[in-house]
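Some notes on the structure that comes next.
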Amino acid sequence: MITIYDIAKKANVSAMTVSKVINQTGRISPATRERVQQVIEELGYIPNSNARSLVLQRTQMLSLLITDITNPFYTTLARGAEDAANLRGYRLLFSNSDEDYDKEKNYVETILSTRVDGVLFAPAGDRSLNHLKQLQERNIPFVILDRTVPGITSDVIAGDSRDGALQLIRYLTNLGHRYIALVNGSSEVSTARLREEGYMEGLREAELPFDEGLILRTGYRDFSDEVGIDSLLAHQHKPTAIFAANNMLAIGVIRLLRKRGLRVPEDISVVCFDDLDLASAFDPFLTVAAQPAYDFGAIGMQMLIDRIEGKAPEEPQTVIMPSELRIRASASVPCE
(Lines give C-alpha, C1' and ligand atoms only; values in the text may rest on other atoms or scores of the structure.)
Protein backbone atom coordinates (compact mmCIF):
# COMPACT_ATOMS: atom_id res chain seq x y z
CA MET A 1 0.00 0.00 0.00
CA ILE A 2 1.31 3.44 -0.95
CA THR A 3 1.90 5.78 2.02
CA ILE A 4 2.73 9.46 2.37
CA TYR A 5 6.29 8.39 3.19
CA ASP A 6 6.60 6.79 -0.26
CA ILE A 7 5.39 10.02 -1.83
CA ALA A 8 7.74 12.11 0.32
CA LYS A 9 10.74 10.01 -0.68
CA LYS A 10 10.02 10.20 -4.41
CA ALA A 11 9.18 13.91 -4.33
CA ASN A 12 12.20 14.66 -2.14
CA VAL A 13 10.14 16.44 0.52
CA SER A 14 9.14 15.70 4.11
CA ALA A 15 6.10 13.62 5.05
CA MET A 16 4.72 16.76 6.72
CA THR A 17 4.86 18.60 3.39
CA VAL A 18 2.98 15.77 1.70
CA SER A 19 0.35 15.89 4.45
CA LYS A 20 -0.08 19.64 3.96
CA VAL A 21 -0.57 19.18 0.21
CA ILE A 22 -3.16 16.42 0.72
CA ASN A 23 -5.05 18.33 3.42
CA GLN A 24 -4.66 21.75 1.74
CA THR A 25 -3.18 23.31 4.86
CA GLY A 26 -0.10 25.44 5.52
CA ARG A 27 2.01 27.46 3.12
CA ILE A 28 3.73 25.55 0.33
CA SER A 29 5.28 26.95 -2.83
CA PRO A 30 3.31 26.28 -6.03
CA ALA A 31 6.28 24.37 -7.49
CA THR A 32 6.52 22.02 -4.51
CA ARG A 33 2.76 21.52 -4.43
CA GLU A 34 2.75 20.65 -8.13
CA ARG A 35 5.65 18.19 -7.71
CA VAL A 36 3.94 16.40 -4.83
CA GLN A 37 0.62 16.27 -6.68
CA GLN A 38 2.37 14.75 -9.69
CA VAL A 39 3.93 12.01 -7.53
CA ILE A 40 0.55 11.34 -5.89
CA GLU A 41 -0.97 10.80 -9.32
CA GLU A 42 1.94 8.67 -10.53
CA LEU A 43 1.76 6.35 -7.52
CA GLY A 44 -2.04 6.27 -7.49
CA TYR A 45 -2.22 7.27 -3.85
CA ILE A 46 -5.75 7.45 -2.37
CA PRO A 47 -5.97 9.45 0.89
CA ASN A 48 -7.63 7.75 3.82
CA SER A 49 -10.64 9.97 4.47
CA ASN A 50 -11.09 8.72 8.04
CA ALA A 51 -7.49 9.53 8.93
CA ARG A 52 -7.77 12.89 7.20
CA SER A 53 -10.87 13.70 9.23
CA LEU A 54 -9.05 12.86 12.45
CA VAL A 55 -6.11 15.08 11.56
CA LEU A 56 -8.31 18.01 10.59
CA GLN A 57 -10.98 17.27 13.20
CA ARG A 58 -13.54 17.35 10.40
CA THR A 59 -16.15 14.87 9.25
CA GLN A 60 -16.47 16.20 5.68
CA MET A 61 -20.22 16.19 6.43
CA LEU A 62 -22.42 19.27 6.03
CA SER A 63 -26.07 19.99 6.74
CA LEU A 64 -28.60 21.85 4.59
CA LEU A 65 -31.70 22.98 6.48
CA ILE A 66 -34.41 24.49 4.27
CA THR A 67 -37.98 25.57 4.98
CA ASP A 68 -40.08 23.91 2.27
CA ILE A 69 -38.83 21.06 0.09
CA THR A 70 -42.06 21.21 -1.98
CA ASN A 71 -41.18 24.72 -3.17
CA PRO A 72 -39.27 24.57 -6.50
CA PHE A 73 -37.05 27.44 -5.33
CA TYR A 74 -35.68 25.32 -2.49
CA THR A 75 -35.43 22.07 -4.47
CA THR A 76 -33.32 23.87 -7.09
CA LEU A 77 -31.29 25.55 -4.36
CA ALA A 78 -30.65 22.15 -2.78
CA ARG A 79 -29.30 20.82 -6.07
CA GLY A 80 -26.86 23.73 -6.28
CA ALA A 81 -25.72 23.15 -2.71
CA GLU A 82 -25.23 19.41 -3.24
CA ASP A 83 -23.25 19.89 -6.44
CA ALA A 84 -20.96 22.46 -4.83
CA ALA A 85 -20.42 20.25 -1.76
CA ASN A 86 -19.51 17.24 -3.91
CA LEU A 87 -17.01 19.28 -5.90
CA ARG A 88 -15.20 20.17 -2.67
CA GLY A 89 -15.23 16.62 -1.29
CA TYR A 90 -18.07 17.01 1.21
CA ARG A 91 -21.25 15.03 1.78
CA LEU A 92 -24.57 16.70 2.48
CA LEU A 93 -27.42 15.91 4.87
CA PHE A 94 -30.84 17.40 4.01
CA SER A 95 -33.45 18.65 6.51
CA ASN A 96 -36.80 20.36 5.91
CA SER A 97 -38.48 22.47 8.61
CA ASP A 98 -41.82 23.09 6.81
CA GLU A 99 -41.61 26.71 8.07
CA ASP A 100 -42.15 25.28 11.57
CA TYR A 101 -40.02 26.51 14.51
CA ASP A 102 -40.48 23.35 16.58
CA LYS A 103 -39.45 21.13 13.69
CA GLU A 104 -36.50 23.43 13.01
CA LYS A 105 -35.50 23.19 16.68
CA ASN A 106 -35.51 19.39 16.51
CA TYR A 107 -33.31 19.41 13.41
CA VAL A 108 -30.84 21.81 15.04
CA GLU A 109 -30.60 19.48 18.04
CA THR A 110 -29.89 16.60 15.64
CA ILE A 111 -27.24 18.67 13.86
CA LEU A 112 -25.57 19.44 17.19
CA SER A 113 -25.32 15.73 17.98
CA THR A 114 -24.19 14.62 14.51
CA ARG A 115 -20.77 16.33 14.29
CA VAL A 116 -21.28 18.12 11.00
CA ASP A 117 -18.61 20.59 9.90
CA GLY A 118 -21.08 23.35 9.04
CA VAL A 119 -24.67 24.25 8.18
CA LEU A 120 -26.35 25.99 5.25
CA PHE A 121 -29.41 27.34 7.06
CA ALA A 122 -32.66 28.82 5.66
CA PRO A 123 -34.39 30.07 8.84
CA ALA A 124 -38.13 29.78 9.37
CA GLY A 125 -38.18 33.38 10.59
CA ASP A 126 -37.06 35.79 13.27
CA ARG A 127 -37.61 33.25 16.07
CA SER A 128 -34.85 31.11 14.54
CA LEU A 129 -32.49 33.40 16.50
CA ASN A 130 -32.21 30.94 19.39
CA HIS A 131 -31.46 28.02 17.05
CA LEU A 132 -28.69 29.95 15.31
CA LYS A 133 -27.24 31.03 18.65
CA GLN A 134 -26.97 27.34 19.59
CA LEU A 135 -24.79 26.76 16.54
CA GLN A 136 -22.67 29.80 17.40
CA GLU A 137 -22.19 28.61 20.97
CA ARG A 138 -20.91 25.27 19.66
CA ASN A 139 -18.64 27.03 17.13
CA ILE A 140 -20.36 25.35 14.18
CA PRO A 141 -19.92 27.52 11.05
CA PHE A 142 -23.10 28.40 9.17
CA VAL A 143 -24.28 30.50 6.26
CA ILE A 144 -27.80 31.93 6.34
CA LEU A 145 -29.81 31.40 3.15
CA ASP A 146 -32.53 33.56 1.62
CA ARG A 147 -33.61 35.27 4.84
CA THR A 148 -31.90 37.29 7.54
CA VAL A 149 -32.46 37.06 11.30
CA PRO A 150 -32.09 40.17 13.49
CA GLY A 151 -29.48 39.67 16.20
CA ILE A 152 -27.29 37.28 14.20
CA THR A 153 -24.09 38.30 12.44
CA SER A 154 -22.95 35.70 9.93
CA ASP A 155 -22.29 35.01 6.27
CA VAL A 156 -25.51 35.53 4.31
CA ILE A 157 -26.67 34.87 0.77
CA ALA A 158 -30.03 36.44 0.00
CA GLY A 159 -32.08 37.82 -2.85
CA ASP A 160 -33.00 41.44 -3.44
CA SER A 161 -36.59 40.97 -2.32
CA ARG A 162 -37.38 44.66 -2.16
CA ASP A 163 -36.21 45.42 -5.69
CA GLY A 164 -37.86 42.32 -7.16
CA ALA A 165 -41.19 43.31 -5.64
CA LEU A 166 -40.74 46.86 -6.89
CA GLN A 167 -40.14 45.59 -10.44
CA LEU A 168 -43.38 43.59 -10.35
CA ILE A 169 -45.48 46.47 -9.01
CA ARG A 170 -43.91 48.87 -11.50
CA TYR A 171 -44.82 46.46 -14.31
CA LEU A 172 -48.44 46.28 -13.11
CA THR A 173 -48.82 50.04 -12.69
CA ASN A 174 -47.36 50.60 -16.16
CA LEU A 175 -50.08 48.30 -17.49
CA GLY A 176 -52.61 50.62 -15.85
CA HIS A 177 -53.47 48.80 -12.61
CA ARG A 178 -54.42 51.10 -9.76
CA TYR A 179 -55.75 48.65 -7.18
CA ILE A 180 -53.19 45.93 -6.52
CA ALA A 181 -53.57 43.42 -3.70
CA LEU A 182 -50.66 41.78 -1.89
CA VAL A 183 -50.84 38.20 -0.62
CA ASN A 184 -47.78 37.98 1.59
CA GLY A 185 -45.96 35.68 3.99
CA SER A 186 -45.70 36.21 7.74
CA SER A 187 -44.26 39.52 8.94
CA GLU A 188 -41.86 37.39 11.07
CA VAL A 189 -39.98 36.55 7.88
CA SER A 190 -37.49 39.09 6.52
CA THR A 191 -38.31 38.41 2.86
CA ALA A 192 -42.00 39.10 3.51
CA ARG A 193 -41.15 42.44 5.10
CA LEU A 194 -38.85 43.42 2.25
CA ARG A 195 -41.35 42.40 -0.43
CA GLU A 196 -44.00 44.48 1.28
CA GLU A 197 -41.58 47.41 1.29
CA GLY A 198 -41.05 46.95 -2.45
CA TYR A 199 -44.83 46.78 -2.97
CA MET A 200 -45.34 50.03 -1.08
CA GLU A 201 -42.46 51.73 -2.90
CA GLY A 202 -44.06 50.73 -6.22
CA LEU A 203 -47.34 52.31 -5.15
CA ARG A 204 -45.58 55.52 -4.05
CA GLU A 205 -43.65 55.65 -7.30
CA ALA A 206 -46.94 55.49 -9.24
CA GLU A 207 -48.54 58.00 -6.82
CA LEU A 208 -51.14 55.46 -5.74
CA PRO A 209 -52.60 55.40 -2.21
CA PHE A 210 -51.71 52.60 0.20
CA ASP A 211 -54.71 50.57 1.35
CA GLU A 212 -54.19 48.14 4.25
CA GLY A 213 -57.39 46.37 3.22
CA LEU A 214 -55.65 45.11 0.08
CA ILE A 215 -52.97 43.22 2.03
CA LEU A 216 -53.44 39.63 3.16
CA ARG A 217 -50.66 38.30 5.42
CA THR A 218 -50.48 34.54 5.74
CA GLY A 219 -47.80 31.81 5.58
CA TYR A 220 -45.56 31.03 2.62
CA ARG A 221 -46.94 27.47 2.19
CA ASP A 222 -50.12 25.78 0.93
CA PHE A 223 -52.30 28.87 0.51
CA SER A 224 -56.01 28.03 0.77
CA ASP A 225 -57.47 31.00 2.64
CA GLU A 226 -60.93 31.26 1.06
CA VAL A 227 -62.09 33.87 3.57
CA GLY A 228 -59.02 35.99 2.90
CA ILE A 229 -59.44 35.88 -0.89
CA ASP A 230 -63.14 36.72 -0.57
CA SER A 231 -62.29 39.72 1.62
CA LEU A 232 -59.91 41.04 -1.05
CA LEU A 233 -62.44 40.54 -3.85
CA ALA A 234 -65.19 42.20 -1.79
CA HIS A 235 -63.07 45.25 -0.97
CA GLN A 236 -64.57 48.60 -1.93
CA HIS A 237 -61.63 49.03 -4.31
CA LYS A 238 -61.71 45.58 -5.87
CA PRO A 239 -58.18 44.69 -7.00
CA THR A 240 -57.54 44.27 -10.70
CA ALA A 241 -54.21 42.55 -9.93
CA ILE A 242 -52.71 40.44 -7.15
CA PHE A 243 -49.02 40.26 -6.23
CA ALA A 244 -48.29 36.93 -4.53
CA ALA A 245 -45.11 37.10 -2.48
CA ASN A 246 -43.92 33.65 -3.59
CA ASN A 247 -44.72 30.97 -6.15
CA MET A 248 -46.61 28.67 -3.76
CA LEU A 249 -48.90 31.53 -2.77
CA ALA A 250 -49.47 32.33 -6.44
CA ILE A 251 -50.61 28.78 -7.20
CA GLY A 252 -53.05 28.89 -4.29
CA VAL A 253 -54.35 32.31 -5.31
CA ILE A 254 -54.99 31.24 -8.91
CA ARG A 255 -56.69 28.04 -7.74
CA LEU A 256 -59.07 30.03 -5.50
CA LEU A 257 -59.74 32.63 -8.20
CA ARG A 258 -60.67 29.93 -10.69
CA LYS A 259 -62.94 28.31 -8.11
CA ARG A 260 -64.81 31.62 -8.06
CA GLY A 261 -65.11 31.69 -11.83
CA LEU A 262 -62.44 34.34 -12.36
CA ARG A 263 -60.03 34.00 -15.26
CA VAL A 264 -56.36 34.98 -15.14
CA PRO A 265 -55.48 37.42 -16.68
CA GLU A 266 -58.79 38.24 -18.41
CA ASP A 267 -60.61 39.08 -15.16
CA ILE A 268 -57.71 39.64 -12.79
CA SER A 269 -53.92 39.67 -13.19
CA VAL A 270 -51.53 37.70 -10.97
CA VAL A 271 -47.76 38.10 -10.59
CA CYS A 272 -45.42 36.54 -8.05
CA PHE A 273 -41.95 36.30 -6.59
CA ASP A 274 -39.89 33.21 -7.57
CA ASP A 275 -40.27 31.10 -10.68
CA LEU A 276 -41.65 27.59 -11.07
CA ASP A 277 -39.97 24.70 -12.82
CA LEU A 278 -43.38 23.83 -14.17
CA ALA A 279 -44.06 27.38 -15.35
CA SER A 280 -44.06 26.33 -18.99
CA ALA A 281 -46.82 23.82 -18.26
CA PHE A 282 -48.81 26.01 -15.86
CA ASP A 283 -51.80 27.81 -17.34
CA PRO A 284 -51.58 30.78 -17.32
CA PHE A 285 -47.85 31.39 -17.60
CA LEU A 286 -46.80 33.30 -14.50
CA THR A 287 -45.10 36.66 -14.70
CA VAL A 288 -42.45 36.50 -11.97
CA ALA A 289 -39.45 38.08 -10.31
CA ALA A 290 -37.16 35.08 -10.67
CA GLN A 291 -34.23 34.42 -8.36
CA PRO A 292 -31.20 32.30 -9.37
CA ALA A 293 -32.08 29.47 -6.98
CA TYR A 294 -29.28 27.12 -8.08
CA ASP A 295 -26.70 29.86 -7.51
CA PHE A 296 -28.09 30.50 -4.01
CA GLY A 297 -27.22 26.93 -3.10
CA ALA A 298 -23.93 26.69 -4.97
CA ILE A 299 -22.50 30.03 -3.83
CA GLY A 300 -23.84 29.59 -0.30
CA MET A 301 -22.10 26.22 -0.09
CA GLN A 302 -18.83 27.65 -1.40
CA MET A 303 -19.03 30.39 1.25
CA LEU A 304 -19.65 27.80 3.97
CA ILE A 305 -16.78 25.53 2.95
CA ASP A 306 -14.42 28.50 2.63
CA ARG A 307 -15.39 29.50 6.17
CA ILE A 308 -14.79 25.95 7.45
CA GLU A 309 -11.42 25.67 5.72
CA GLY A 310 -10.20 29.07 6.87
CA LYS A 311 -10.24 30.57 3.38
CA ALA A 312 -13.01 33.14 3.95
CA PRO A 313 -12.42 36.79 4.88
CA GLU A 314 -12.33 37.39 8.62
CA GLU A 315 -15.46 39.54 8.54
CA PRO A 316 -18.78 37.85 7.64
CA GLN A 317 -19.80 38.37 4.02
CA THR A 318 -23.25 39.24 2.62
CA VAL A 319 -24.04 38.36 -1.01
CA ILE A 320 -27.23 39.84 -2.49
CA MET A 321 -28.50 38.07 -5.62
CA PRO A 322 -30.55 40.17 -8.08
CA SER A 323 -33.89 38.99 -9.39
CA GLU A 324 -34.99 38.99 -13.01
CA LEU A 325 -38.41 40.15 -14.22
CA ARG A 326 -39.83 37.46 -16.53
CA ILE A 327 -42.92 38.68 -18.32
CA ARG A 328 -45.35 35.99 -19.38
CA ALA A 329 -49.13 35.82 -19.77
CA SER A 330 -50.58 36.05 -16.26
CA ALA A 331 -50.87 39.83 -16.27
CA SER A 332 -52.52 42.17 -18.76
CA VAL A 333 -54.13 45.61 -18.85
CA PRO A 334 -56.98 45.86 -16.33
CA CYS A 335 -60.43 45.02 -17.61
CA GLU A 336 -63.01 47.78 -17.57
Side-chain angles (χ1 to χ4, degrees), residues 67-68 70-73 98-99 161 164-187 189 191-193 195-196 198-200 202-203 206 208-290 325-336:
T67 60
D68 185 4
T70 66
N71 187 326
F73 171 77
D98 287 324
E99 304 276 4
S161 285
L166 173 59
Q167 289 185 61
L168 288 168
I169 300 306
R170 183 181 290 152
Y171 174 68
L172 290 173
T173 58
N174 286 341
L175 286 175
H177 293 277
R178 293 296 174 262
Y179 300 110
I180 303 168
L182 168 63
V183 178
N184 203 3
S186 166
S187 58
V189 179
T191 53
R193 295 192 294 268
R195 289 168 196 180
E196 188 165 324
Y199 164 81
M200 295 176 68
L203 296 181
L208 297 176
F210 168 69
D211 188 338
E212 181 68 32
L214 289 178
I215 295 184
L216 178 60
R217 298 179 184 89
T218 179
Y220 268 145
R221 303 181 71 242
D222 304 325
F223 180 72
S224 58
D225 186 353
E226 306 226 11
V227 174
I229 275 291
D230 287 339
S231 71
L232 291 179
L233 296 176
H235 193 274
Q236 62 175 333
H237 297 304
K238 182 178 178 180
T240 58
I242 296 176
F243 165 38
N246 83 346
N247 45 21
M248 305 303 282
L249 290 176
I251 291 173
V253 165
I254 292 174
R255 185 180 296 119
L256 292 178
L257 292 176
R258 287 178 171 173
K259 188 175 180 180
R260 283 150 181 75
L262 295 174
R263 300 165 299 164
V264 178
E266 292 86 354
D267 300 315
I268 188 167
S269 294
V270 176
V271 299
C272 76
F273 218 100
D274 290 332
D275 210 347
L276 287 163
D277 288 340
L278 68 160
S280 60
F282 192 65
D283 180 23
F285 305 140
L286 278 168
T287 290
V288 302
L325 181 63
R326 295 179 181 172
I327 298 172
R328 300 191 181 107
S330 66
S332 62
V333 297
C335 59
E336 297 297 330

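Numbers for residues simply follow the sequence, beginning at 1. It should be emphasised that the depicted structure is a prediction, and the values quoted were computed from it without experimental measurement.
The nearest pair of heavy atoms linking Asp275 to Ala290 is CB-CB, 4.0 Å. The two residues Tyr171 and Ala331 have their closest heavy-atom pair at CE2-CB, 3.9 Å. What you find for Asn246 and Cys272 is that their closest heavy atoms are O-CB, 3.9 Å. In plain terms, the two heavy atoms of Ala329 and Pro265 that are nearest each other are O-CG, 3.2 Å. Scanning both residues, Phe273 and Ala245, for their nearest heavy atoms gives CB-O, 3.1 Å. Shortest non-hydrogen contact noted between Leu232 and Ala181 is CD1-CB, 4.1 Å.
Judged purely by atom type and a 3.5 angstrom limit, Arg326 has no side-chain atom pairing as donor or acceptor with the backbone of Val288. For the pair Arg193 (side chain) and Ser187 (backbone), a donor-acceptor distance under 3.5 Å is present. One N or O on the side chain of Asn184 and one on the backbone of Ala192 form a donor-acceptor pair closer than 3.5 Å. Remark: the backbone N or O of Ile180 is paired with a side-chain donor or acceptor of Tyr199 at under 3.5 angstrom. Side chain of Ser330 to backbone of Thr287: a donor-acceptor contact under 3.5 angstrom is found.
For the atom pair CG of Leu262 and CG of Leu256, the computed distance is 10.5 Å after rounding to the nearest 0.5 Å. Between Ile268 atom CD1 and Lys238 atom NZ the span is 7.0 Å, to the nearest 0.5 Å. With values rounded to the nearest 0.5 angstrom, Ser161 atom OG is found 8.0 Å from Asp274 atom CG. To the nearest 0.5 Å, atom CG of residue Asp222 and atom CD of residue Glu99 are 10.0 Å apart. Taking CG from Leu214 and CD1 from Ile242, the interatomic distance works out to 9.5 Å, rounded to the nearest 0.5 Å.
With sequence neighbours excluded, the residues forming a side-chain contact (heavy atoms from CB on, under 4.5 Å) with Gln167 are Asp163, Ser323, Leu325, listed by chain and number. Residues forming a salt bridge (charged side-chain N to carboxylate O under 4.0 Å, His left out) with Arg221 (at least two apart in sequence, or on another chain): Asp68, Asp98. With sequence neighbours excluded, the residues forming a side-chain contact (heavy atoms from CB on, under 4.5 Å) with Thr240 are His177, Pro334, listed by chain and number.
Between Leu216 and Leu182 there is no side-chain heavy-atom pair separated by less than 4.5 Å. Side chains of Leu257 and Arg263 form no contact here, defined as non-hydrogen atoms less than 4.5 Å apart.
Glu226 has no carboxylate O lying under 4.0 Å from a charged side-chain N of Arg255, or vice versa, which leaves the two without a salt bridge.
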- Item | Val183 vs Thr218, side-chain contact (heavy atoms from CB on, under 4.5 Å): CA-CA, chis, key distance, verdict | CA-CA 7 Å; Val183 178; Thr218 179; 4.2 Å; yes
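The only member of His237, His235, Gln236 that meets side chain to side chain donor-acceptor pair (under 3.5 Å) when paired with Asp211 is His235. Checked options Asn247, Thr191, Thr67, Asn71; the residue passing with Tyr220 is Thr191 (criterion: side chain to side chain donor-acceptor pair (under 3.5 Å)).
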